[in-house]
Amino acid sequence: MDRGSGFVVGWGLGVGLGWWKGGLVEFQGAEVLPGLVELRRVLHREPEVGLMLPRTQSVVLDALAGLPLEVTTGQELTSVVAVLRGGQPGPTVLLRGDMDALPVVEETGLEYAAENGNMHACGHDLHTAGLVGAAQLLSARREELRGNVLFMFQPGEEGLGGAGYMLREGLLGATGDKPIAAYALHVWAQAARGVFEMRPGTIMASSNQLHITVRGKGGHGSMPDRTVDPVPVVAEIVLALQAYATRRVSVFDPVVITVTQLEAGVAINVIPNTARLGATVRTLSDAMLEQLTRELPALAERIAAAHGCTADARLDPQYPVTVNDAPRTAETFDVLTGLFGADRVRSLDNPLMGAEDFSMVLKEVPGTFVMVGARPDDVSATEAPSNHSSIVRFDDAVLGDQAVALAQLAAGHLA
């Protein structure tokens with residue numbers, strides 16, 4: 001077995017999993033890699049943002065054409081749902097790849113760099129291509145599968161909750177049976193290529209938006225005593241939020257509160273009637289989110305009242321905490337170790353404070369969200385830009401490993 005290339009897969013390799021059964025089967029990632037690299041670069045050149053990705057959807061549909069799949073598209077978004085029915089009846093396993101880009105002007109200098117003001121700066125083009133590769137590999141073994149594979153090609157992950165739209169449109173009922181497991185891989189620009197990382201339980205934070213508007217009484221900038229100035233009140237609330245995160249929150253259930261927006265006034269000599277702030281709030285538990293939902297608006301309202309102002313404050317949930325199912329994650333760890341070797345599979349010590357709408361799927365189906373390194377060899381670990389950077393690059397040589405990993409995670413349940 002060549003553990004370095006990520007192209008040979010075995011069933012019955014003694015990894016001790018109850019569902020890891022059957023005769024020897026091989027998935028050849030090397031065979032599909034060139035086509036996946038080409039597909040990824042086509043997607044990279046023309047990135048689309050949001051829930052409506054017509055060009056991306058068309059490319060995916062063309063890539064899936066000819067495979068033995070039942071394909072449907074979304075109503076409220078340009079999603080693609082593909083069902084592969086195995087040669088024998090059995091359960092369903094869901095595999096997901098998100099397709100949307102970011103409104104970032106690319107500055108990588110790559111020959112296939114985007115030029116339309118958007119960028120696949122989070123690697124979703126690799127996720128899409130990798131999922132197509134898994135569909136190709138599994139389709140070639142369709143008759144050996146005892147059950148179904150549900151391929152979820154999703155728009156709108158970047159802040160718009162595309163997974164929620166797909167769930168509401170009946171994603172989990174596409175095969176007639178609710179999936180018994182769900183898996184997603186996410187490339188990581190700062191980790192070495194082909195290194196898989198995961199953890200049971202919470203792996204990513206919830207993402208929430210705090211909006212606060214302070215209302216006072218505007219007037220001339222030279223006569224603040226005749227106004228009720230909302231600007232210093234908002235400034236005081238900013239400081240209070242930082243104190244709250246360090247004094248009212250357990251260090252064992254941490255939060256991140258980052259104020260990213262401050263708005264007040266237009267003319268420099270006019271005290272405005274209102275001032276507002278916006279912040280992103282991240283938590284690692286539902287209990288802490290419930291606490292913040294109660295207490296942060298009350299904090300803002302009381303500070304405003306102390307200065308003769310009023311405040312409209314709300315904490316809007318966006319993405320829930322991403323929680324990996326412990327048994328599925330143990331299985332995933334063993335499967336990937338069997339495929340690629342122990343040196344390429346690691347446990348994350350701590351959750352990541354980023355957020356993912358695959359969390360919505362994992363609330364309904366036990367499964368695992370896995371990070372996979374895609375840092376190019378010519379980029380050092382200390383200098384690698386993060387996902388979402390305008391200069392971030394991903395090594396698409398990892399696509400063969402992605403496709404094989406997803407294919408085997410599904411096939412293992414359907415052996």
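All values derive from a computational prediction rather than experimental measurement.
- Counting all heavy atoms, side chain and backbone alike, Asp401 lies closest to Gly194 at OD2-CA, 4.3 Å.
- Across Ile257 and Leu241, no two heavy atoms sit closer than the pair CD1-O, 3.9 Å.
- Checking Asn208 against Ser206 by side-chain atom types alone, a donor-acceptor pair falls below 3.5 Å.
- Panel note: side chain Asp377, backbone Ala192; no donor-acceptor pair is recorded below 3.5 Å.
- A donor-acceptor contact shorter than 3.5 Å is absent between the side chain of Thr128 and the backbone of Gly97.
- The shortest heavy-atom contact between Gly90 and Asn148 is O-ND2, 4.0 Å.
- Under a cut-off of 6.0 angstrom, the local environment of CZ in Phe333 is crowded, with over 12 non-hydrogen atoms contributed by other residues, nucleotides or ligands.
- The closest donor-acceptor contact from the side chain of Ser79 to the backbone of Gly74 lies under 3.5 Å.
- Sorted by first and then second residue, the salt bridge (Lys or Arg N to Asp or Glu O under 4.0 Å) pairs with a member in residues 68-96 read Glu70-Arg85, Arg96-Asp98, Arg96-Glu356, Arg96-Asp357; sequence neighbours excluded.
- The environment of CD in Glu115 is sparse: at most 12 heavy-atom neighbours from other residues, nucleotides or ligands sit within 6.0 Å.
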Salt bridge (Lys or Arg N to Asp or Glu O under 4.0 Å) assessment of Asp312 paired with Arg276: CA-CA 9 Å; Asp312 299 325; Arg276 65 171 299 274; over 6 Å; no
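- Side-chain atoms of Glu106 and Asn118, non-hydrogen and from C-beta on, never get closer than 4.5 Å to each other.
- The shortest side-chain heavy-atom distance between Ile212 and Val234 does not fall under the 4.5 Å cut-off.
- Enclosure of atom CZ in Arg247 is not indicated, since only 12 or fewer non-hydrogen atoms of other residues, nucleotides or ligands lie within 6.0 angstrom.
- Around atom CD of Glu38, no more than 12 heavy atoms belonging to other residues, nucleotides or ligands sit under 6.0 Å away.
- Side-chain contact between Ser207 and Arg282: present, with at least one pair of heavy atoms (C-beta onward) separated by less than 4.5 Å.
- The heavy-atom pair separating Pro376 from Arg393 by the smallest distance is CD-O, 3.5 Å.
- You'll find the side chain of His127 stays beyond 4.5 Å of the side chain of Met99, heavy atoms only.
- In this structure, Phe340 and Phe196 have parallel ring planes: the angle between them is below the 30° cut-off, well short of the 60° mark.
- Surrounding CZ of Arg41 are more than 12 heavy atoms belonging to other residues, nucleotides or ligands, all under 6.0 Å away.
- You'll find the side chain of Leu126 reaches within 4.5 Å of the side chain of Gln402, heavy atoms only.
- Side-chain contact check for Thr274 and Thr213: no donor-acceptor pair (N or O, by modelled atom type) lies under 3.5 Å.
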Evaluate Asp316 against Arg314 for salt bridge (Lys or Arg N to Asp or Glu O under 4.0 Å), listing each step before the verdict. CA-CA 6 Å; Asp316 294 336; Arg314 70 181 192 276; 2.8 Å; yes
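- Distance check: Leu348 CG to Met198 CE gives 8.5 Å after rounding to the nearest 0.5 Å.
- Across all their heavy atoms, Met119 and Ser389 have their closest contact at CE-O, 3.5 Å.
- Checked by atom type, the side-chain pair Asp177/Thr92 shows no donor-acceptor distance below 3.5 Å.
- A 4.5 Å side-chain heavy-atom check between Leu138 and Phe151 finds at least one atom pair inside the cut-off.
- When all heavy atoms of Ala134 and Leu406 are compared, the closest pair comes out as CB-CB, 3.8 Å.
- The list of salt bridge (Lys or Arg N to Asp or Glu O under 4.0 Å) pairs with a residue in residues 42-59, not counting sequence neighbours, reads Glu46-Arg55.
- Taking the side chain as every heavy atom from C-beta outward, Ser139 and Leu69 approach each other to under 4.5 Å.
- A heavy-atom distance below 4.5 Å is found between the side chains of Val132 and Leu64.
- The structure places CD1 of Ile237 at 14.5 Å from OH of Tyr244, a figure rounded to the nearest 0.5 Å.
- A donor atom on one side chain and an acceptor atom on the other are found under 3.5 Å apart for Thr382 and Ser380.
- Classification of Asp395 and Arg375 as a salt-bridged pair fails, no side-chain N sitting under 4.0 Å from a carboxylate O.
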